[in-house]
Amino acid sequence: MARAFDTGVRPQWCPGCGNYGVLAAVRGALAELGLRREEVVAVAGIGCHGRVTEYLDVNAFHAIHGRAVPVAEGVKLANPKLTVLVHTGDGDAYAIGLSHLLHAARRNVGIKVIVHNNMVYALTTGQAGPTTPRGLRTRSTPYGSVEEPFNPLLLLLASGATFVARGFSDDVQHLKELVKRAILHKGFAVIDVLQPCVTFYDTRGWIRERAYKLEDAGHDPRDFRAALERSLEAERVPLGVLYEVEKPAFEELALSPEHPPPALRDLKARLPLDKLLARFE
Amino acid sequence: MARAFDTGVRPQWCPGCGNYGVLAAVRGALAELGLRREEVVAVAGIGCHGRVTEYLDVNAFHAIHGRAVPVAEGVKLANPKLTVLVHTGDGDAYAIGLSHLLHAARRNVGIKVIVHNNMVYALTTGQAGPTTPRGLRTRSTPYGSVEEPFNPLLLLLASGATFVARGFSDDVQHLKELVKRAILHKGFAVIDVLQPCVTFYDTRGWIRERAYKLEDAGHDPRDFRAALERSLEAERVPLGVLYEVEKPAFEELALSPEHPPPALRDLKARLPLDKLLARFE
Amino acid sequence: MSGDELAILVGGPAGSGVFATGTIAAKALVYHGYSVFATNEYPSLIRGGHQWFLVAARWEGSAMAHRRRLDAILALDERTVELHAGRLKEGGFVVCDERVAARSRAGNVVALPLSELVEELGAPPVAVNVAGLAALFGVLGGNLEALLAAIRSYYRGREKTAEVNARVAEAGYREGAKLSGRASLKLRYAPRGKRLLLDGNSAVALGLLAGGLSFFAAYPITPASPILHFLAEVQREAGVAVVQAECELAAVNMAIGAAFAGARAAVATSGPGFSLMAESLGEAAMTETPLVIVDVQRAGPSTGLPTHTAQGDLRFAIHASHGEFPRVVLAPGDPVEAYELACEALNIAWRYQVPVILLSDKFLGESYWTVDRLPDVGPEEGPVVRGRAPPGYARYRITESGVSPMALPGTEGARVYANTNEHDELGFLTTDPDVVKAMQGKRWRKLAALKEEAEKRGVKEYGEGRVALLVWGSTKCVAMEALRELDGVKLVQVVWLEPFPAEAVRRAVGERRLLVAENNARGQLASLVREHLLREPDAVLLRYDGRPLDPEELAEFVKANAG
Amino acid sequence: MSGDELAILVGGPAGSGVFATGTIAAKALVYHGYSVFATNEYPSLIRGGHQWFLVAARWEGSAMAHRRRLDAILALDERTVELHAGRLKEGGFVVCDERVAARSRAGNVVALPLSELVEELGAPPVAVNVAGLAALFGVLGGNLEALLAAIRSYYRGREKTAEVNARVAEAGYREGAKLSGRASLKLRYAPRGKRLLLDGNSAVALGLLAGGLSFFAAYPITPASPILHFLAEVQREAGVAVVQAECELAAVNMAIGAAFAGARAAVATSGPGFSLMAESLGEAAMTETPLVIVDVQRAGPSTGLPTHTAQGDLRFAIHASHGEFPRVVLAPGDPVEAYELACEALNIAWRYQVPVILLSDKFLGESYWTVDRLPDVGPEEGPVVRGRAPPGYARYRITESGVSPMALPGTEGARVYANTNEHDELGFLTTDPDVVKAMQGKRWRKLAALKEEAEKRGVKEYGEGRVALLVWGSTKCVAMEALRELDGVKLVQVVWLEPFPAEAVRRAVGERRLLVAENNARGQLASLVREHLLREPDAVLLRYDGRPLDPEELAEFVKANAG
Ligand SMILES: Cc1ncc(C[n+]2csc(CCOP(=O)(O)OP(=O)(O)O)c2C)c(N)n1
Ligand SMILES: Cc1ncc(C[n+]2csc(CCOP(=O)(O)OP(=O)(O)O)c2C)c(N)n1
Ligand code: SF4
Ligand code: SF4
Ligand SMILES: [Mg+2]
Ligand SMILES: [Mg+2]
């Protein structure tokens with residue numbers, strides 16, 4: 001597994017960065033699911049997280065900031081056979097790209113979104129973001145942030161997402177299992193991964209002290225209200241699948257079953273032009 | 001009250017349109033609060049709802065589609081003395097402008113957002129939108145919509161909004177009271193107004209059958225979990241204030257108290273340039 | 001004037017069926033054997049506000065655009081009489097219900113008991129419009145069967161409505177026929193077989209389908225929404241995935257993702273949506289993902305006049321997005337070109353892996369022309385790799401043409417890596433100045449080939465004369481119509497706007513006086529002439545009040561500036 | 001060469017303090033009495049990847065840009081030696097730690113026990129950089145006090161760090177001084193009083209403040225974020241509201257709302273963010289809301305090279321947004337102009353109620369220049385109505401100048417109604433063609449006055465000669481530096497790019513040969529020359545690999561094309 005899904009490019013994250021753990025977990029998950037690199041597409045946003053596409057040896061699209069989700073939706077709708085991962089950050093997904101994320105969740109498009117949530121804008125050298133806690137001093141908030149952060153789990157649950165989980169980059173094994181479950185889930189899945197940025201906002205200790213596993217706590221991920229409760233916990237940090245429900249995926253509903261998916265259409269197939277033109281006669 | 005806040009322009013909505021009720025409620029609320037047109041700004045999005053600025057006699061900014069909320073945030077931050085209303089639609093607020101709405105809620109900027117939620121894109125002649133129920137046939141969904149709609153109340157509660165209410169354009173008196181409460185609330189307030197579009201999706205009967213008042217049901221708007229519960233009701237339609245909590249408004253926290261607000265600064269006040277330049281010496 | 005040429009206007013408030021009536025009139029005239037042009041104007045309102053639909057028909061040759069003068073008006077309210085009666089020719093007349101007539105003061109009004117008649121037949125009050133239209137056809141001595149066929153065609157799938165309206169039409173026609181002496185012209189009738197009455201938006205949609213469109217994403221916007229509506233309607237027959245996105249940023253990024261995965265993808269929007277797509281245009285270009293963006297221009301700036309026409313986005317289309325990259329901007333001038341170029345746009349996008357912008361406008365998109373036959377065009381796949389990739393496959397292989405074979409995700413042996421960061425041949429991020437230059441060079445080499453295509457096919461010439469009239473987009477139709485009144489004028493239409501076919505334009509114009517006419521305020525084509533031909537046009541006619549140029553004003557302009 | 005001119009490079013991996021060391025070196029040289037220019041290059045990575053900082057100093061005259069050849073290198077790793085040692089002049093040398101030296105093969109290396117020394121002093125290992133810099137100053141015979149002052153200035157507010165570094169510097173300096181024989185030049189020392197070392201980004205921020213900035217919104221983006229950081233830092237002293245928005249669309253719309261309410265508002269971004277603002281640019285224009293957008297250009301297209309420089313957004317800035325409206329595009333060429341024009345941008349925006357785009361770039365924004373004094377500029381309010389409005393006040397009153405007095409919400413007697421729909425004088429929506437034309441006319445009339453200003457102040461001329469070298473933006477500095485090696489060249493800088501001062505450029509260039517140099521691939525200024533002067537430049541030098549032009553290559557280009 002060590003060398004699986006490795007492009008051979010040496011990762012250039014800071015030593016200790018949580019992104020290493022996320023990368024390892026995803027590689028492990030893909031390997032354990034027996035996926036081949038050809039059948040996987042990773043779409044990444046812009047940020048330290050986005051570098052994943054340089055290292056993870058699957059097909060990849062390094063998109064512009066905030067638009068990884070709609071790009072991934074397009075990929076999935078064009079060819080539903082592909083496993084489509086999104087690597088995005090708290091800035092990428094919860095600030096500039098928030099609307100896309102929530103709409104994809106609502107539609108239940110079968111993409112798997114991994115949010116590298118380091119609670120800070122890292123690549124741009126450390127500004128506050130939508131999950132930065134109140135009071136944190138950053139380059140854009142030298143007097144301490146005065147904004148209330150989002151509760152991304154609650155927001156995602158509220159959006160209609162059919163699979164909502166939280167991972168921690170420190171616990172690679174656990175995160176790997178979450179990624180596997182997300183991939184196996186039909187429809188939209190999102191994992192908010194606590195991914196400490198050791199350079200701009202090191203939350204490792206804080207999280208380690210408070211983290212616990214939902215599996216160990218007897219949480220039933222089919223229970224939406226229980227999931228809401230877990231997402232509201234302030235003192236402890238639940239890890240695991242908060243919520244999972246099976247519903248038809250958007251690609252099943254939106255694509256016509258009589259035709260091959262858009263990416264696999266035969267261009268030589270004749271268009272029924274006469275029929276289409278009848279209405280203009 | 002009848003002629004208060006009237007520009008004199010005759011509204012051009014379809015006969016029976018819910019927008020008439022919203023307009024009447026807002027006029028009534030402003031009048032009963034004793035506000036003068038000069039101290040109020042209405043910012044509107046693009047849609048049938050957006051026409052409000054033609055009829056409501058207060059200062060107004062008819063913005064581009066989806067951006068009424070940030071424009072309003074700018075107005076409020078520049079001059080917190082102004083009462084700032086946003087008139088937006090389900091497409092304007094929950095589709096193209098969703099991210100702005102939720103971020104404004106999170107920040108608790110003291111703007112009052114009135115969503116004319118007719119569950120359809122009306123001005124563009126009837127397409128499905130983010131609150132259109134599954135199965136509805138529209139010009140963009142001739143085979144019936146296959147998307148799950150948002151639950152906007154749940155989403156707004158999840159965003160951190162400090163005041164979340166629902167109104168119904170049919171019940172002008174009740175809506176008027178909600179608008180008054182929203183204006184009196186410190187910080188961000190949002191009212192999702194059920195505003196039937198009689199031309200493209202007439203929901204009047206459906207809502208009338210199911211609506212009830214939260215005030216009559218013993219609901220405690222200070223109870224966040226109770227608010228979540230109410231937002232999840234599927235069979236009945238709660239009207240009233242779901243949730244209200246007092247927190248400092250963003251404009252109180254973000255603006256420096258030693259200076260007049262941005263819009264009221266005296267341009268002749270001298271900039272401490274020497275002090276600012278010291279760091280470059 | 002014996003029925004060889006005519007212009008009819010239907011007017012009334014939004015919601016009174018002006019659009020339906022006008023379309024039926026247009027169809028009926030096609031069935032008579034006329035060449036028909038039809039256009040309309042409506043406010044950005046669902047109810048209220050004045051709305052009109054104009055049908056111009058010609059027995060010989062093609063009806064290409066509207067005319068100022070009218071032969072007949074069907075007035076569904078007094079406002080229509082007020083606003084348009086002044087445009088009637090000698091002998092022209094207004095048809096309307098008695099109640100409308102009672103409140104109007106115009107002369108030459110044919111007042112008929114239309115609402116009474118509708119009531120008697122038990123039809124809904126709105127059917128007054130069809131009653132009036134039928135009466136108008138009666139006065140003009142038209143063919144009732146052709147009119148009924150048009151009604152049935154318009155209400156296809158709604159048989160009940162069709163029959164009610166047919167009954168109303170028969171009654172209305174009888175009423176009108178009693179007064180046929182009033183008309184100074186008589187409709188001709190000699191059907192010419194199957195012909196289409198096609199609007200520019202449908203033509204674009206059909207052209208995209210002909211080009212192999214398999215994925216379409218859009219966000220509703222006037223006047224581009226009809227493309228979405230049409231494609232949504234035919235999605236099953238045509239096998240195209242149609243997604244309504246949450247905004248234009250989502251729509252275009254979905255299309256980019258779909259194209260990356262191998263779908264022939266396009267989006268359609270109007271100015272405000274196109275503005276929102278600016279960043280993603282560069283994303284498509286940098287990742288070399290084939291993409292077609294249709295911009296059905298409307299009058300700006302900003303929200304502007306959402307239901308009115310303009311050609312104001314040309315320079316923006318050429319320069320949109322930060323940084324620099326090759327792109328193609330095409331502008332069809334009529335529905336046949338719209339069909340052809342929409343198909344071609346997809347082919348170019350896939351042949352060169354560049355974004356292609358198709359500039360239409362409200363006037364082209366929502367007007368109708370008689371079309372005998374659509375050209376025989378179809379999809380070319382371009383350099384796509386499926387199945388198994390050659391060893392050492394690199395998505396951004398540096399090639400002489402600048403185009404690199406494009407493997408689709410799923411291709412055995414290929415890691416397809418698209419990157420908006422500057423990248424090397426494999427797609428990996430780079431900042432190495434030599435690699436950057438090589439990649440820029442690779443991308444720019446496509447422009448050379450594109451320029452050649454533009455020079456070859458980017459300019460069309462019509463007629464001959466001492467004066468050259470240069471136009472682009474839908475102004476072509478207005479110019480064709482104006483040309484009937486002009487001698488010694490050569491019409492030159494620029495179809496490829498970027499890369500600009502400077503040599504072809506120079507050749508076409510030669511030493512002639514150069515006149516330019518555009519539907520915008522700054523003279524954007526004129527500015528391209530300056531930039532690329534280093535020549536100042538001799539005169540420029542601009543119109544920017546949301547209305548298309550009139551053939552009449554264009555003819556006057558040409559006459560006044562023929563030198 | 002006796003210390004009149006020198007160029008030093010500090011290089012190392014990201015995270016090793018290259019930026020700090022370089023800035024200290026630059027400051028120290030200013031304190032010596034030199035005119036200094038400093039610039040840097042870094043990858044879009046927080047750790048890893050090579051990074052360098054170059055300081056060029058000149059005793060007489062001004063250091064305006066980088067030079068290819070170096071006098072000394074401070075190498076914090078082997079990579080630095082590998083990449084840059086080839087650029088050393090005869091007698092130039094590399095200073096580095098013994099461990100680095102042991103792994104390098106370059107000649108002329110001054111290997112010192114820097115890390116040992118740092119360890120002995122109990123300083124953190126990263127302090128090797130300051131030790132090395134001090135050693136370098138020692139070798140060059142610099143003034144230790146000046147160096148220590150620079151260290152203390154850099155670490156102001158962090159006194160502990162400052163003291164540790166000062167101690168390290170003293171020790172390093174002593175080590176270096178022992179080897180002062182190695183250097184073929186000796187630093188001069190004669191302090192010239194208080195001078196600033198100013199980067200373009202700070203200059204823009206200060207200029208905005210000087211222009212009365214009271215509201216600033218931004219979304220972080222390289223290389224524009226420093227403007228946000230600086231304004232956030234000084235928000236309380238300067239009394240400016242600073243908001244980090246959720247994206248650029250939000251930022252620009254907040255600024256528009258704030259300006260509508262009466263705040264002097266601006267946003268700053270780079271290409272990708274500017275692309276996202278395209279639609280809102282038209283919103284500001286249509287509502288006639290004063291707005292300043294700063295675009296600190298970086299190398300595109302798309303994500304491109306986020307930490308590298310380019311002048312690739314010029315045409316985009318001129319044409320961004322659908323539809324047409326007057327706007328102003330200004331491009332400063334150095335920090336003094338950046339300060340002046342940022343202030344002026346706000347004044348123009350408020351004088352004419354138009355959007356103003358200020359085009360900076362990574363090279364200007366993140367390089368440093370010695371500045372003696374900032375020009376005395378300040379805010380002008382423009383036609384703003386406060387307190388009480390005159391009777392019959394109309395926000396969009398049609399005036400001769402096209403500018404209408406702007407009442408702020410809250411003004412007694414005024415209903416201020418801004419509308420992105422086309423509107424009448426009161427702001428109410430209209431589609432009436434006459435009103436539309438009148439409003440377009442009103443807006444365009446502003447352009448006439450703006451054009452006059454552009455012609456008067458939009459072009460700067462330096463030197464005299466048979467050849468004209470035309471540049472815009474930061475290329476000016478490179479050209480000034482190149483000019484030292486050239487005779488008979490007149491430098492012409494276009495500062496106002498839109499409206500384009502065609503007559504002023506024509507006059508400045510006259511009959512001279514016309515050479516154009518730009519930091520982009522398509523020659524965008526050259527295309528403006530074609531469009532507005534109907535003249536083909538005689539030669540164009542373009543660079544588009546993410547690096548600024550070198551003075552040397554520019555000088556060669558001019559010599560080769562002087563004709
Ligand atoms: C349109 C646009 N705006 C801004 C940027 C600059 N930018 C790059 S990464 C980033 C934020 C990254 O934050 P996050 O998504 O949390 O990623 P992280 O670096 O923390 O992994 C920003 C603002 C950009 N590339 N594009
Ligand atoms: C950027 C942009 N995209 C699309 C449009 C077209 N448009 C105008 S109104 C509207 C939707 C309106 O829906 P909603 O907000 O629900 O308003 P309603 O008409 O129902 O009140 C759209 C898509 C636009 N004006 N701008
Ligand atoms: S800056 Fe933070 S997120 Fe980025 S690589 Fe370093 S530790 Fe990781
Ligand atoms: S279309 Fe619907 S929302 Fe618009 S005015 Fe008519 S009823 Fe109201
Ligand atoms: Mg982050
Ligand atoms: Mg709606």
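Order of the sequence lines sets the chain letters (A, B, ...), proteins ahead of strands, with each chain counted from 1.
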Proximity of residues 69-79 of chain A to chain C, residues having a non-hydrogen atom under 4.5 angstrom: P70(A), V71(A), E73(A), G74(A), V75(A), L77(A), A78(A), N79(A)
[X] vs [Y] side-chain heavy atoms within contact, under 4.5 Å:
X       : Y       : value
I114(A) : V26(A)  : yes
T124(A) : Q127(A) : yes
N59(A)  : R37(A)  : no
V371(C) : Y339(C) : no
I111(A) : F188(A) : yes
L281(C) : F325(C) : yes

Any pair counted as ring pair (Phe, Tyr, Trp, His ring centres under 6.0 Å), so long as it reaches residues 36-58 of chain A, sequence neighbours left out: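 Passing the test, one end in residues 36-58 of chain A: W13(A)-Y55(A), H49(A)-H116(A).
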Residue pairs fulfilling ring pair (Phe, Tyr, Trp, His ring centres under 6.0 Å) with at least one residue in residues 250-281 of chain A, sequence neighbours excluded: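 Passing the test, one end in residues 250-281 of chain A: F280(A)-F230(C).
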Top residue by heavy-atom pair count (under 4.5 Å) with chain A, among [options]?
options                            : answer
L198(C), V252(C), V240(C), V30(C)  : L198(C)
V243(C), N253(C), L408(C), T411(C) : N253(C)
A261(C), G239(C), A238(C)          : G239(C)
M254(C), Q235(C), R415(C)          : R415(C)
L206(C), I256(C), T370(C), L426(C) : L206(C)
G282(C), A241(C), G410(C)          : G410(C)

Proximity breakdown for [X] and chain A, heavy-atom pairs closer than 4.5 Å:
X       : answer
S280(C) : both
L374(C) : side chain
F428(C) : both
R395(C) : neither
A250(C) : both
Y154(C) : neither

Contacting moiety of [X], where chain C heavy atoms sit under 4.5 Å:
X       : answer
R106(A) : neither
A278(A) : both
R67(A)  : both
L102(A) : neither
E54(A)  : both
L273(A) : side chain

More than 12 heavy atoms of other groups within 6.0 Å of D266(A) CG: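 Yes, because the 6.0 Å sphere around CG of D266(A) holds more than 12 heavy atoms from other groups.
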Do the charged groups of [X] and [Y] touch, with an N to O distance under 4.0 Å?
X       : Y       : result
R195(C) : E281(A) : no
E258(A) : R236(C) : no
E39(A)  : K81(A)  : no
R264(C) : E381(C) : no
E237(C) : R279(A) : yes

Aromatic centroids of F150(A) and Y94(A) separated by under 6.0 Å: no
Contact list for residues 197-208 of chain C, test side chain to side chain donor-acceptor pair (under 3.5 Å), sequence neighbours left out: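 For residues 197-208 of chain C: D199(C)-S202(C).
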Top residue by heavy-atom pair count (under 4.5 Å) with chain C, among [options]?
options                           : answer
L271(A), V9(A), L267(A), V84(A)   : L267(A)
I46(A), V40(A), L82(A), L264(A)   : L82(A)
L276(A), V41(A), L255(A), T53(A)  : T53(A)
A263(A), S99(A), P261(A), P257(A) : A263(A)

Mutual orientation of the aromatic rings belonging to Y121(A) and H65(A) [parallel < 30°, tilted 30-60°, perpendicular > 60°]: perpendicular
